[in-house]
Amino acid sequence: MNNMEINELRVGNYVNYNGLNLEVYSFENRYPRSEKRYDNTVLVDLLFDGFITAILHEVKGIPLTEEILLNCGFEKINHINGYSFYSFNRKSLKDMNAYMPLYIYLNPNCTKLANFTVQQNVEYVHQLQNLFFAINGKELNINL
C-alpha cells in the first residue's frame, strides 16, 4: 500500500506498524495543512500496552483476508458459477433496522451494497471498517 492519507483513517481503525496490528487511538498534526511537510508530520497514537506514536507514513493497511472476514462476522458464500464472496451476517448486529446488505469479493476485489456494485476496492481492514460504519452507523467488531 502506498503512503496512507490522514483522511483514510478514523479513531478505532486497525493498521499495521512495524509488523504489529494496532488500533488507532488519536492523531496530532504539528504543522498547518498549508505547509508542504503536512503528510510527514501527522503523528498517530496506536494502542499497544500503552501507546506507540508513529508518523503517518510509517502506518500501513492490514490486507483483508478470508480469515479476517470470517472472524468479523462475515460468512463465505460459494456461488454456483464457481466464485466465492463474503456476506456480513446481520444476525450479529443487535439493531437490524439500520443494516444494509454488504458483500465483499476478494478475487477480484470489489464490494456490493445491497444490489449496487461499489467501484472502491476494499483491500484493507481499515477500509472495511470505514465502509461498514458509513453504511450502518455501527462499528464492525474486529478480531485479528
Side-chain angles (χ1 to χ4, degrees), residues 1-30 33 36-144:
M1 174 176 205
N2 294 338
N3 285 345
M4 190 152 329
E5 300 289 331
I6 191 64
N7 62 358
E8 291 180 58
L9 290 179
R10 292 183 312 113
V11 168
N13 281 162
Y14 281 85
V15 294
N16 186 281
Y17 173 70
N18 284 344
L20 299 171
N21 294 334
L22 304 170
E23 184 178 353
V24 173
Y25 180 77
S26 66
F27 304 97
E28 178 188 348
N29 181 14
R30 293 198 174 163
R33 188 176 190 131
K36 294 185 182 203
R37 318 181 267 189
Y38 176 72
D39 288 339
N40 292 326
T41 57
V42 174
L43 301 180
V44 182
D45 284 329
L46 305 167
L47 291 175
F48 180 74
D49 290 336
F51 298 104
I52 294 177
T53 300
I55 299 171
L56 179 62
H57 69 78
E58 298 173 324
V59 173
K60 307 292 180 217
I62 301 169
L64 203 51
T65 63
E66 177 177 292
E67 179 182 5
I68 290 172
L69 285 168
L70 295 175
N71 287 340
C72 292
F74 285 78
E75 55 189 341
K76 184 174 184 177
I77 310 242
N78 294 310
H79 195 274
I80 56 173
N81 291 339
Y83 63 89
S84 299
F85 63 95
Y86 303 84
S87 173
F88 184 73
N89 179 358
R90 71 180 185 184
K91 292 175 189 159
S92 61
L93 279 182
K94 291 179 181 172
D95 177 14
M96 291 187 281
N97 295 334
Y99 177 74
M100 181 181 288
L102 175 60
Y103 309 104
I104 304 291
Y105 297 77
L106 290 180
N107 191 13
N109 187 283
C110 74
T111 306
K112 277 189 156 179
L113 299 176
N115 291 322
F116 301 99
T117 300
V118 177
Q119 294 295 326
Q120 176 65 42
N121 288 349
V122 178
E123 301 176 59
Y124 299 98
V125 171
H126 72 279
Q127 293 171 325
L128 177 64
Q129 287 180 278
N130 295 343
L131 176 63
F132 190 88
F133 184 80
I135 63 173
N136 291 305
K138 296 186 179 302
E139 294 293 343
L140 179 63
N141 185 22
I142 297 294
N143 293 306
L144 297 175

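Predicted model only: the values in this text are computed from it and were never measured.
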Handout entry: side-chain contact (heavy atoms from CB on, under 4.5 Å) partner of Asn13, the single match among Glu8, Glu23, Gln129, Glu139
Key = Gln129
Practice task
Just do the side-chain contact (heavy atoms from CB on, under 4.5 Å) check on Ile62 and Leu144 with the steps written out, would you?
Solution key: CA-CA 10 Å; Ile62 301 169; Leu144 297 175; 3.8 Å; yes
Exercise for the section: State, with a plain yes or no, whether a side-chain heavy atom of Asn18 is found less than 4.5 Å away from one of Ile52. Expected result: no
Handout entry: Closest non-hydrogen atom pair, Leu9 against Phe27
Key = CB-CZ, 3.7 Å
Exercise for the section: To the nearest 0.5 angstrom, please state how far the CG atom of Leu70 sits from the OG1 atom of Thr65. Expected result: 8.0 Å
Exercise for the section: Go through the steps to decide whether Tyr25 and Val11 satisfy the test side-chain contact (heavy atoms from CB on, under 4.5 Å), and finish with yes or no. Expected result: CA-CA 5 Å; Tyr25 180 77; Val11 168; 5.7 Å; no
Practice task
With rounding to the nearest 0.5 Å, note down the distance linking CG in Leu46 to CZ in Phe51.
Solution key: 10.0 Å
Problem - Nearest atoms (heavy-atom pairs only) where Val59 meets Ala54 - result: CG2-CB, 4.0 Å
Practice task
Please assess Asn130 against Arg10 for the test side-chain contact (heavy atoms from CB on, under 4.5 Å), listing each intermediate value before the final yes or no.
Solution key: CA-CA 8 Å; Asn130 295 343; Arg10 292 183 312 113; 2.9 Å; yes
Practice task
Kindly compute the distance separating OH (Tyr103) from CZ (Phe85), expressed to the nearest 0.5 Å.
Solution key: 6.5 Å
Exercise for the section: Using the six-membered ring wherever Trp is involved, compare the ring planes of Phe74 and Phe88 and label them parallel, tilted or perpendicular (cut-offs 30° and 60°). Expected result: perpendicular
Exercise for the section: Taking the side chain as every heavy atom from C-beta outward, state whether Leu43 and Ile55 have any atom pair closer than 4.5 Å. Expected result: yes
Exercise for the section: Look at the rings of His79 and Tyr83 and say which category their plane angle falls in: under 30° parallel, 30 to 60° tilted, over 60° perpendicular. Expected result: parallel
Exercise for the section: Report the distance from atom CD of Glu66 to atom OG of Ser84, rounding to the nearest 0.5 Å. Expected result: 7.5 Å
Practice task
Sequence neighbours left out, what passes side-chain contact (heavy atoms from CB on, under 4.5 Å) with Asn71? Give chain and number order.
Solution key: Glu67, Asn143
Handout entry: NE2 on His126 to CG on Leu64, rounded to 0.5 Å
Key = 10.5 Å
Problem - With Glu58 via salt bridge (Lys or Arg N to Asp or Glu O under 4.0 Å) - residues at least two apart - result: none
Exercise for the section: Drop me the distance from Ile135's CD1 to Leu102's CG, to the nearest 0.5 angstrom. Expected result: 4.5 Å
Handout entry: Flag for Glu75-Tyr86: side-chain donor and acceptor within less than 3.5 Å
Key = no
Handout entry: With Leu128, the side-chain contact (heavy atoms from CB on, under 4.5 Å) member among Ile68, Ile142, Leu140
Key = Leu140
